[in-house]
Colleague: 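My questions all concern the structure below.
Within every chain, numbering begins at 1; the chains are lettered A, B, ... in the order of the sequence lines, protein sequences first and strands thereafter. Since the structure is predicted, the reported quantities are computational estimates derived from the model, not experimental observations.
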There are 2 protein chains.
Amino acid sequence: MRNCDKRAQSKPTFKDSPMAPRAASKTAESSDKVGVICRALRRAIIEQALEPGAKLPEDSLGERFGVSRTIARHALGQLAAEGLVELRRNRIAVVATPSWQEARDAFDIRIELERLVVRQLAGKLTKSQVAELNAHVDAEDRARDGTDAVSIRLATEFHILLANMTNSPILVRYVSEVAYRCCLTLSLYSRPHSSECAINEHRAIIAALVKGDEAKVMSLMHSHLDSVANRALVAPAPQRGRDLLDILAPYAEEGEGKRVVKLPKVVRAR
Amino acid sequence: MRNCDKRAQSKPTFKDSPMAPRAASKTAESSDKVGVICRALRRAIIEQALEPGAKLPEDSLGERFGVSRTIARHALGQLAAEGLVELRRNRIAVVATPSWQEARDAFDIRIELERLVVRQLAGKLTKSQVAELNAHVDAEDRARDGTDAVSIRLATEFHILLANMTNSPILVRYVSEVAYRCCLTLSLYSRPHSSECAINEHRAIIAALVKGDEAKVMSLMHSHLDSVANRALVAPAPQRGRDLLDILAPYAEEGEGKRVVKLPKVVRAR
DNA sequence: GGCCCTCAAACTGCATGCAATTGAGGCGCT
DNA sequence: AGCGCCTCAATTGCATGCAGTTTGAGGGCC
């Protein structure tokens with residue numbers, strides 16, 4: 001029961017990532033302790049050390065990070081606001097388990113946001129920024145031999161790195177959030193880890209950005225994300241050992257096969 | 001010094017708004033107490049009872065809402081995550097004061113998100129949904145005689161109501177957040193309250209939605225939001241009595257009139 | 001008169017303690 | 001053996017208390 005926290009931190013890579021400065025400038029988490037926990041948990045989730053549904057008891061967290069429950073609780077609140085964690089009253093917090101439809105929605109939003117990113121960036125990158133991007137993709141390349149976890153994280157961080165270059169804190173925040181959510185999704189629905197997020201597509205995007213072709217880079221980004229989504233979300237088949245009640249939920253109701261009409265929250269809340 | 005909280009709640013309209021059910025289904029705030037505070041403060045901010053820069057001391061808040069600082073603090077954390085509140089370590093929290101550039105960025109994002117909303121909704125609204133929308137716009141109409149505060153709130157809530165109809169929690173969340181931020185912005189930069197958010201444009205959007213013309217409704221929404229933004233953000237002229245240090249900031253630096261290159265955080269953080 | 005220094009009040013950061021809720025195992029009953 | 005009830009450990013919800021930091025106001029000094 002209190003196993004999850006161990007994996008949360010003691011796992012592998014816990015030193016600063018190239019992304020670290022980003023998070024530091026963010027919203028509420030600059031308060032240090034809370035921020036540390038948030039970043040660690042995000043990282044653990046993104047690297048799939050923490051699977052969807054994993055329990056996150058406040059005191060285990062606090063103990064693990066050397067803070068009181070109060071702080072751990074606050075951190076969980078932040079992560080819940082980002083949609084990475086589910087908080088049910090009087091119940092242990094768990095890593096969020098987005099439904100298939102939510103996953104699809106997240107990708108739709110992500111596509112729009114990231115199109116905005118590259119639109120703003122097209123032709124406006126400095127030399128050092130281009131170098132930074134290339135270095136990152138090189139790192140992705142190198143990580144192909146390593147664990148999937150690192151690959152996934154690097155792929156996601158590429159997109160966040162891009163967003164960062166817009167210098168728009170709001171855009172950075174939303175892109176990061178939605179990217180994390182998509183990551184979470186991937187770990188739920190794309191078992192064989194089909195992706196690697198297509199390193200070549202990343203390179204193509206950089207090239208188009210440098211060239212300054214707005215339309216081109218927007219469509220590249222669009223199809224890139226679309227293919228990532230499709231590789232993962234081909235069919236709404238969330239058959240995964242856990243939480244069989246969720247699996248059964250669709251069969252409890254009969255009608256409404258429509259796309260927009262999602263099954264009412266009630267069913268899942270049961 | 002402890003005046004802000006009084007206005008936060010004792011002011012006017014504190015009963016449930018037609019939006020209330022939305023917020024209840026949201027992220028972490030279902031924990032009741034925290035949620036109540038968040039909603040109240042959001043409301044106060046959106047109705048400009050709380051101006052940007054207004055102080056929000058934890059204990060005043062707690063006292064006012066009959067909870068301990070712990071809870072007030074948690075609520076502030078949530079609002080900070082949404083960008084409505086600024087949290088500086090060891091300092092009193094204040095209502096956020098977005099820079100002109102941030103405001104512009106927020107509107108850009110909002111445009112994309114709301115285009116997505118109407119794209120998903122075009123031609124798919126049920127009769128009762130259309131009725132609900134019309135009723136809301138009627139309410140906006142009626143509120144023209146009332147205070148600006150209510151008009152602004154209703155105008156914003158129209159957009160949130162639309163987002164709600166997509167049944168995509170993520171989209172709802174982002175649209176709400178960014179709409180609130182834009183509202184905040186409006187209260188900063190558009191003094192004479194030039195807008196009313198164009199009730200007729202709202203009607204036009206509903207009509208196009210019913211007709212199901214995707215392209216049309218997307219462009220309508222785009223120009224609608226664009227005009228709202230432009231009415232407010234014509235010039236980066238944040239001359240407002242408060243915080244004259246912020247006003248002086250641009251004059252402290254000489255160069256960099258570029259658009260993407262924003263003045264580094266340092267200047268404002270001073 | 002203006003400036004700086006000092007100090008106390010105000011406020012935040014955080015831990016801890018207590019009450020309430022949950023859910024899981026154990027016990028008895030059938 | 002199966003079923004349900006009951007009790008208790010685990011856990012959350014929340015308030016309070018203490019320590020450290022910021023603020024701003026008064027007083028002394030130039």
Colleague: Answer yes or no: is there a side-chain heavy-atom contact under 4.5 Å between A:V117 and A:L171?
Modeller: yes

Colleague: Separation of B:D59 atom CG from C:dA9 atom P, in whole Å?
Modeller: 16 Å

Colleague: Could you give the distance from CG (B:L186) to CZ (B:R181), rounded to the nearest 0.5 Å?
Modeller: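 B:L186 CG to B:R181 CZ: 14.5 Å, rounded to 0.5 Å.
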
Colleague: Please report the distance, rounded to the nearest Å, between CZ in A:R91 and C1' in C:dT21.
Modeller: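 Between C1' of C:dT21 and CZ of A:R91: 10 Å.
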
Colleague: Can you see if the side chain of A:R73 gets near the phosphate of D:dG13 - specifically, an N or O under 4.0 Å from OP1 or OP2?
Modeller: yes

Colleague: Please write out the pairs of protein N or O atoms and N or O atoms of nucleotides 16-18 of chain D separated by less than 3.5 Å, giving the distance to one decimal.
Modeller:
unit_1: D:dT16; atom_1: O4; unit_2: B:T70; atom_2: OG1; d: 3.0
unit_1: D:dG17; atom_1: O6; unit_2: B:R69; atom_2: NH2; d: 3.2

Colleague: Hey, which of B:I45, B:L41, B:L87, B:V95 is the one that makes side chain to side chain contact (heavy atoms under 4.5 Å, CB included) with B:L79?
Modeller: B:L41

Colleague: What's the CD-P distance between A:E63 and C:dC14, to the nearest Å?
Modeller: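 From A:E63 CD to C:dC14 P: 19 Å.
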
Colleague: What integer distance in Å separates A:H74:NE2 from D:dT12:P?
Modeller: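 In whole Å, D:dT12 P lies 17 Å from A:H74 NE2.
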
Colleague: Between P on C:dG23 and CD1 on A:I92, what's the gap in Å once rounded to a whole number?
Modeller: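 In whole Å, C:dG23 P and A:I92 CD1 are 9 Å from each other.
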
Colleague: 5'-most contact on DNA chain D: A:R88 or B:R88, nearest heavy atom basis?
Modeller: A:R88

Colleague: Write down the distance between NZ (A:K33) and P (D:dG20), rounded to a whole number of angstrom.
Modeller: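 Roughly 13 Å, once rounded to whole Å.
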
Colleague: When the distance from NZ of B:K55 to P of C:dC11 is rounded to whole Å, what number comes out?
Modeller: 9 Å

Colleague: Whole-Å distance between C:dT12 P and B:L76 CG?
Modeller: 8 Å

Colleague: May I ask you to decide if the ring planes of A:H74 and B:H74 are parallel, tilted or perpendicular, using 30° and 60° as cut-offs?
Modeller: perpendicular

Colleague: Nearest to the A:P57 side chain among C:dT12, D:dT23, D:dT11, which nucleotide is it?
Modeller: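 Side chain of A:P57 sits closest to D:dT11.
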
Colleague: On DNA chain C, nearest-nucleotide positions of A:N90 versus A:I71: which is more 5'?
Modeller: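 Per heavy-atom nearest nucleotide, the more 5' residue is A:I71.
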
Colleague: B:L154 versus B:H136: any side-chain heavy-atom pair under 4.5 Å?
Modeller: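 In short, these two side chains touch, coming nearer than 4.5 Å.
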
Colleague: Working to the nearest 0.5 Å, report the span between OG of A:S99 and CZ of A:R104.
Modeller: 12.5 Å

Colleague: Distance-only, no hydrogens or angles: does the B:R69 side chain make a donor-acceptor pair with backbone N or O of B:R73 under 3.5 Å?
Modeller: no

Colleague: Does a nitrogen or oxygen in the side chain of B:R89 sit under 4.0 Å from OP1 or OP2 of C:dC14?
Modeller: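 Result: yes.
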
